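This report concerns only the one structure given below.
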Protein chains: 2
Amino acid sequence: MPTPDRTSLAEIVEAGRELLERDGLDGLTMQAVATRVGVRAPSLYKRVSNRDALVALVADATLRELGDSVDAAAGELERDPRERLREMARAVRAFARRRPVAFRLIFAPGAELRLDPDSLARSSASVVAVSGELAGEEHALDAARTFTAWANGFVSMELAGAFRLGGDVDRAFEFGVERLADAVAASGAR
Amino acid sequence: MPTPDRTSLAEIVEAGRELLERDGLDGLTMQAVATRVGVRAPSLYKRVSNRDALVALVADATLRELGDSVDAAAGELERDPRERLREMARAVRAFARRRPVAFRLIFAPGAELRLDPDSLARSSASVVAVSGELAGEEHALDAARTFTAWANGFVSMELAGAFRLGGDVDRAFEFGVERLADAVAASGAR
DNA sequence: ACCTGAACACCGTTCAAGT
DNA sequence: ACCTGAACACCGTTCAAGT
């Protein structure tokens with residue numbers, strides 16, 4: 001005899017995202033998620049195979065949101081590609097500040113977490129496009145990887161509190177964007 | 001009546017490092033460490049205040065080792081700074097492959113982990129020095145941060161399996177080193 | 001068909017009792 | 001002064017029993 005559903009996968013993932021940001025990865029427990037969606041912990045296993053799978057779903061949702069933010073920042077095709085690259089870098093940094101815990105989860109996951117290739121592809125599409133404009137099509141992928149590595153690395157180090165030698169971190173960020181744009185553009189000129 | 005020590009802090013940290021690499025952060029349990037050093041879990045609390053503190057000691061030991069590797073790769077002062085920068089980047093990548101779990105732990109720590117400022121300073125000294133040679137003293141710190149962000153970002157993404165769009169990752173790495181060296185050197189010319 | 005309480009194995013941590 | 005067993009609170013996960 002059927003019972004009406006008392007929760008849903010989407011609600012569970014959303015609860016996971018909120019708990020992750022509020023209480024860290026350790027605070028994302030099955031019991032806390034269950035309480036938040038109004039159910040007992042064992043019931044979660046009807047929708048999710050285990051905690052790691054739930055963490056992966058949370059990471060994937062965040063990766064897609066990041067991809068959308070960067071896409072939006074990339075803006076119109078007509079604009080100066082350097083300006084678009086700059087805006088994309090700022091969007092990554094703003095996103096990391098909005099969801100610091102999830103950002104770390106995506107870019108330095110535990111060994112078990114495998115990000116969905118489709119989500120990865122979507123999240124990098126606009127970076128590859130702008131990089132191609134700057135560096136030329138045959139260097140688009142290498143240039144996109146160089147830029148993405150710098151942006152994620154900078155933001156990760158900032159979140160980790162690794163910039164402790166003084167100096168102005170905002171200025172270092174803007175310095176980096178301009179140098180990266182130059183570097184990538186230079187490669188197109190060869 | 002005193003009892004002879006059956007273990008030491010150094011031995012505990014070393015056991016933690018081995019377990020971390022072998023079984024991941026989740027495998028670094030107080031019980032596993034205790035077994036490995038031949039003691040019961042409660043005894044560990046004589047030398048370490050709790051598990052997080054032990055994890056921090058493990059991270060710090062790894063950060064110092066990374067700093068030493070990069071220093072060694074920086075080599076002689078007389079050599080071409082671009083070549084030195086290249087070797088330093090390769091040293092970071094080699095280190096990450098040797099200790100992937102610990103590398104991730106350092107660059108995307110959980111919220112609680114604070115790296116020791118002294119260890120951070122030591123590990124970045126030679127990068128700042130070489131960057132200063134390339135970019136000029138007044139841009140040394142910004143340039144070092146740009147380079148370090150790229151190197152750590154690239155290696156972290158590689159470890160996370162984030163480069164899935166095909167293409168040659170080794171080539172992307174070498175492309176990145178050359179572009180970063182150019183970018184940083186260009187800033188010295190202004 | 002979904003939900004629950006009970007149960008199991010495991011973990012971090014504390015503490016009184018041993019030597 | 002260090003080490004231990006026992007205990008507590010907590011977690012992930014399974015499963016038989018309820019509706």
Side-chain angles (χ1 to χ4, degrees), chain A residues 1-61 101-102 105 109-114, chain B residues 1-61 101-102 105 109-114:
Chain A
M1 191 167 291
T3 309
D5 291 14
R6 229 161 284 184
T7 184
S8 67
L9 181 59
E11 202 187 3
I12 289 169
V13 172
E14 186 50 33
R17 297 186 73 184
E18 291 164 10
L19 284 167
L20 176 69
E21 251 3 286
R22 217 194 46 188
D23 301 327
L25 187 53
D26 287 349
L28 172 38
T29 69
M30 297 301 269
Q31 321 221 16
V33 169
T35 301
R36 198 166 246 264
V37 303
V39 110
R40 302 289 180 159
S43 301
L44 299 178
Y45 292 82
K46 282 281 152 185
R47 332 231 176 224
V48 129
S49 60
N50 55 36
R51 180 176 177 272
D52 282 351
L54 174 54
V55 171
L57 288 170
V58 166
D60 197 65
V101 186
L105 178 64
E112 60 303 327
L113 195 143
R114 301 262 80 183
Chain B
M1 189 165 295
T3 307
D5 292 15
R6 228 161 286 183
T7 184
S8 68
L9 181 59
E11 201 187 4
I12 289 169
V13 172
E14 185 51 32
R17 296 185 74 186
E18 292 164 8
L19 283 166
L20 177 69
E21 259 350 296
R22 217 196 43 186
D23 301 327
L25 187 53
D26 288 348
L28 172 38
T29 70
M30 297 302 269
Q31 321 220 17
V33 170
T35 301
R36 198 165 247 264
V37 302
V39 112
R40 302 289 181 160
S43 301
L44 299 178
Y45 292 83
K46 282 282 152 183
R47 334 234 173 218
V48 129
S49 61
N50 55 36
R51 179 175 178 271
D52 282 351
L54 174 54
V55 171
L57 288 171
V58 165
D60 197 63
V101 185
L105 179 63
E112 60 304 328
L113 194 145
R114 301 262 81 184

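Quick caveat: nothing in here was measured; it's all calculated off a predicted structure. Order of the sequence lines sets the chain letters (A, B, ...), proteins ahead of strands, with each chain counted from 1.
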- Task: State which residues pass side chain to side chain contact (heavy atoms under 4.5 Å, CB included) with Ala59(B); sequence neighbours excluded, sorted by chain then number.
- Result: Leu105(B), Leu113(B), Leu115(B)
- Please name the pair of heavy atoms, one in Ala32(A) and one in Gly27(A), separated by the smallest distance, quoted to 0.1 Å. CB-O, 3.9 Å
- On a heavy-atom basis, the closest approach of Val48(B) and Met30(B) is CG1-CE, 4.2 Å
- Note on the structure: Rounded to the nearest 0.5 Å, the CG atom of Asp52(A) sits from the CG atom of Leu57(A) at a distance of 11.0 Å
- CZ-CG distance between Arg51(B) and Leu44(B), expressed to the nearest 0.5 angstrom: 12.0 Å
Protein and nucleotides 2-6 of chain C: nitrogen or oxygen contacts under 3.5 angstrom:
from	atom 1	to	atom 2	distance (Å)
dC3(C)	OP1	Arg6(A)	N	2.9
dC3(C)	OP2	Arg47(A)	NH2	3.3
dC3(C)	O3'	Arg6(A)	NH1	3.4
dT4(C)	OP2	Arg40(A)	N	2.9
dT4(C)	OP2	Ser43(A)	OG	3.1
dG5(C)	OP2	Arg40(A)	NE	3.1

Output one line per pair: protein atom, nucleotide atom from nucleotides 8-12 of chain D, and distance, for all N/O pairs under 3.5 Å.
from	atom 1	to	atom 2	distance (Å)
dG12(D)	OP1	Met30(A)	N	3.2
dG12(D)	OP1	Arg51(A)	NE	3.4
dG12(D)	OP2	Met30(A)	N	3.0

- Query: Which string of ( ) [ ] | and . matches DNA chain C, if you list each base 5' to 3' and count Watson-Crick or G-U pairs only when both distances are under 3.5 Å?
  - Reply: ||.|||||...|||||.||
- CG (Leu28(B)) and CG (Leu54(B)) are apart, to the nearest 0.5 Å, by 5.5 Å
- Message: The criterion is side-chain hydrogen bond (donor to acceptor under 3.5 Å, both in side chains); which residues satisfy it with Arg17(A), sequence neighbours excluded?
- Response: Glu65(A)
- Task: Please identify each residue that fulfils side-chain hydrogen bond (donor to acceptor under 3.5 Å, both in side chains) with Arg36(A), with sequence neighbours left out.
- Result: Glu18(A)
- Item | Nearest-0.5 Å distance that lies between atom CG in Asp26(B) and atom CG in Leu20(B) | 10.0 Å
Report, one line per pair, each donor and acceptor closer than 3.5 Å where one atom sits in a side chain of residues 4-16 of chain A; sequence neighbours left out.
from	atom 1	to	atom 2	distance (Å)
Thr7(A)	OG1	Glu11(A)	OE1	2.7
Ser8(A)	OG	Glu11(A)	N	3.2

- Message: Could you work out, with side-chain hydrogen bond (donor to acceptor under 3.5 Å, both in side chains) as the rule, every residue matching Arg40(A), not counting sequence neighbours?
- Response: none
- Item | Contacting residues from residues 10-23 of chain B, given that a heavy atom lies under 4.0 angstrom of DNA chain C | none
- Item | Residue list, side chain to side chain contact (heavy atoms under 4.5 Å, CB included) with Ser43(A), at least two apart or on another chain | Val39(A)
